[in-house]
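Here the structure is a predicted model, which is why all the values come from computation and not from measurement. In what follows, chains carry the letters A, B, and so on, assigned in the order in which the sequence lines appear, proteins first and then strands, with residues in each chain numbered from 1. Both backbone and side-chain heavy atoms feed into the values below; hydrogens, waters and symmetry mates do not.
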Amino acid sequence: VVFAEITGYHRLEKKTGTEKAASIMNACFEIFASIVEKYGGSIERMMGSGLTALFGFPAAVEDAPAKAVHADIEMREQLLDFNREKGSPLGTGQFLYPLERSSIILPSLETTPGIFADLHLVRENDRSTWVLFLDQTEAQERLHSLLQRCNDLQRQQETTGPLSPEPVCVDILRQLNIAVFQELEPNRFAIIGTLPSWFRQLFEKCSVVDPQGEVNPVSCFPFLEFFINAEAREVWERDKRGMATSDLWIESDDQGNEYYFEAVAAAIGQKNILLVRLVNAETCKNRVHIQTGREKSLAYEKVVKTEKMLRSFLANMSHELRTPMNAILGISKMLHKYYGENLTAQQIEGLQLIYQSGQRLLKLINDLLDLSKLEAGKMQVLLKPAAVDDVIGAVEKLIAPLIRDKEIAFSVKKGPGVPLRIVTDEEKIHQVLLNLLGNAVKFTPRGEIRLEVDAREEKLYFEVHDTGIGISEAHLPYIFETFTQVDGSVSGEYGGTGLGLALCKKLLSLLKGEITARSQLGRGSVFTFQIPLSVPTDPIEMKS
Amino acid sequence: MKEKPTILVVDDEPSNIFLFTGILEKEGYRVVSASSGEEALNLVKTDTPDLILSDLLMPRLHGFNLLQELKYNEDFKQIPVIIATAVYKGALHRMEVKRLGAEEFLEKPVDPDVLVETVKRVLAPKPVDEGDY
């Protein structure tokens, strides 16, 4: 069984135009499928933005990246499920996510400029995952011939017995001019498969490889010392689902010809893999950082560090901001809960104020993190079947304590057409509803708040009605903008940060939904949002 | 089961240890603590707990690795583990730690009531072993 994914359509389209891109993707898919079939597999699912090209809905191309991300997460989930079933404590499939870094192999096809195809293959037990990543390409027959050669090679090898760890993968890597190493222990690497010819030519002092087929890459590639010990180590030991790419470096042969190299580190299964590849000189023209080989520079380290810092900034900020909140919220509640009877009313009130202020701060931190994640395109979407009643029930429960002290009647009205389940990211819908209902409570001193849920035209509609203070006509167009774009008087008047609604809008657009508002000053507001009953990521059958 | 179940709290942040220990002791558990995964592993060998409550991001052995070490070890793989981390909206982390064999995943800030409820549930004898996330 094979999970397959084709991505890279966008870049392809930019280069070649929609029509041609679609035909190239289609051709690649067929090659791809034929290889899979030859190894006795069948494609169970196709995923990725390439689908839009393959299965003829170019009009939806704009949606492609979001779709691909959804598909990717779903695929990962399935792989995890699979591994869990098999009872293997550590499975594969981790490196499939995140999408933008999903290619672990970056081959250039020898000297032909303009064709790049990345191919992953991982086989665990009897299930394989193939990912074909396409970049700009003008001649699909080149790709065809390459894959064909891999194929022939595999057939030859079947008679001589398989190579470890993964024969097909190794062959493809070798064809792609990549040297593959697996780390056995720090600075002891085993050579996987056969080294490409450039290795012997250019890395003379390493070409006398010891009898066990082991090598110390740092002595072969001094340039990589920092990369191996920092970036690669990070991937192997911590961020096992990521990958790291080194910067380019140059080696020259006896005649003074210059060759560009690049290394990629990835954790495949439980193996620490280092790939070193000869890079097409054409590719390098667009690359900024080129250093000469055997010459480590401080500038290089600085670049690596800065990139890494930026990448992990969000994750770190999130962690660092939230860690003290655990103590603030937890300890204030703990003291109240377990020592409350020994405290005076004033002390208890103080604890409650610490707790409530902490909650407000946490909400603000979370909103800010969400917004910056959304802005950076790093928000994960997790699509699953969700029971509509559960979604409604969960917010009802959270709203109840908020209106307890107010003269507000809260009701939920569910239309007859509402399905039992929808496929969406439940957490995000929950977040949006909570934001809207929270606002309604905040801006309705007394009166009525009503949540209406209805389904029509394959869409689920949520409406939050309130009889609150309302929003003036002048302000209404700006309420979904981020706080930076709002006139200060607006956020002042409404007493909020102005983050909530902007967040709602962005979250919904991730789920292919939309939000609108209408309001009358002094009479109340109605916020309406709709989401598709199912964000389209249904499996598409492979043509046979 | 022992009269007073022992819970090992693993966290590199002293305020978290203070909080979790404070709550769990009040709930009648015996609490021991470690400030790194490495320290936790050593402690498990001499003072095997009934439950482990661990952070993820720690120096000297990340929570993922601690989980792996425990679940690979015949003597310790039965100890239930609850992971509590300040990672925000860690749906993927949740899947990952469950896959690695953790019983529960909590996001910090952890509500004391939720912590107590979770610990009680995990320590309770299991009727059916069917808890797919």
Minimum heavy-atom distance A34(B)-E39(B), with the two atoms named: CA-OE2, 3.6 Å
Member of L56(B), I83(B), L41(B) meeting the side chain to side chain contact (heavy atoms under 4.5 Å, CB included) criterion with L66(B): L41(B)
Member of K45(B), K71(B), E69(B) meeting the side chain to side chain contact (heavy atoms under 4.5 Å, CB included) criterion with F76(B): K45(B)
Gap separating the CD1 atom of I82(B) from the CG atom of L115(B), nearest 0.5 angstrom: 7.0 Å
Leading residue by heavy atom contact count with chain A [cutoff under 4.5 Å; candidates P112(B), A84(B), S15(B)]: P112(B)
Donor on one side chain, acceptor on other, E38(B) and S36(B), under 3.5 Å: no
Interchain contact, V114(B) with chain A, by part (heavy-atom threshold 4.5 Å): neither
Pair Q431(A)-D370(A), side-chain donor/acceptor within less than 3.5 Å: yes
Contact summary for V32(B) and T6(B), nearest pair of heavy atoms: CG2-CG2, 4.0 Å
Neighbours of chain B found in residues 332-343 of chain A - heavy atoms under 4.5 Å: K333(A), M334(A), K337(A), Y338(A), Y339(A)
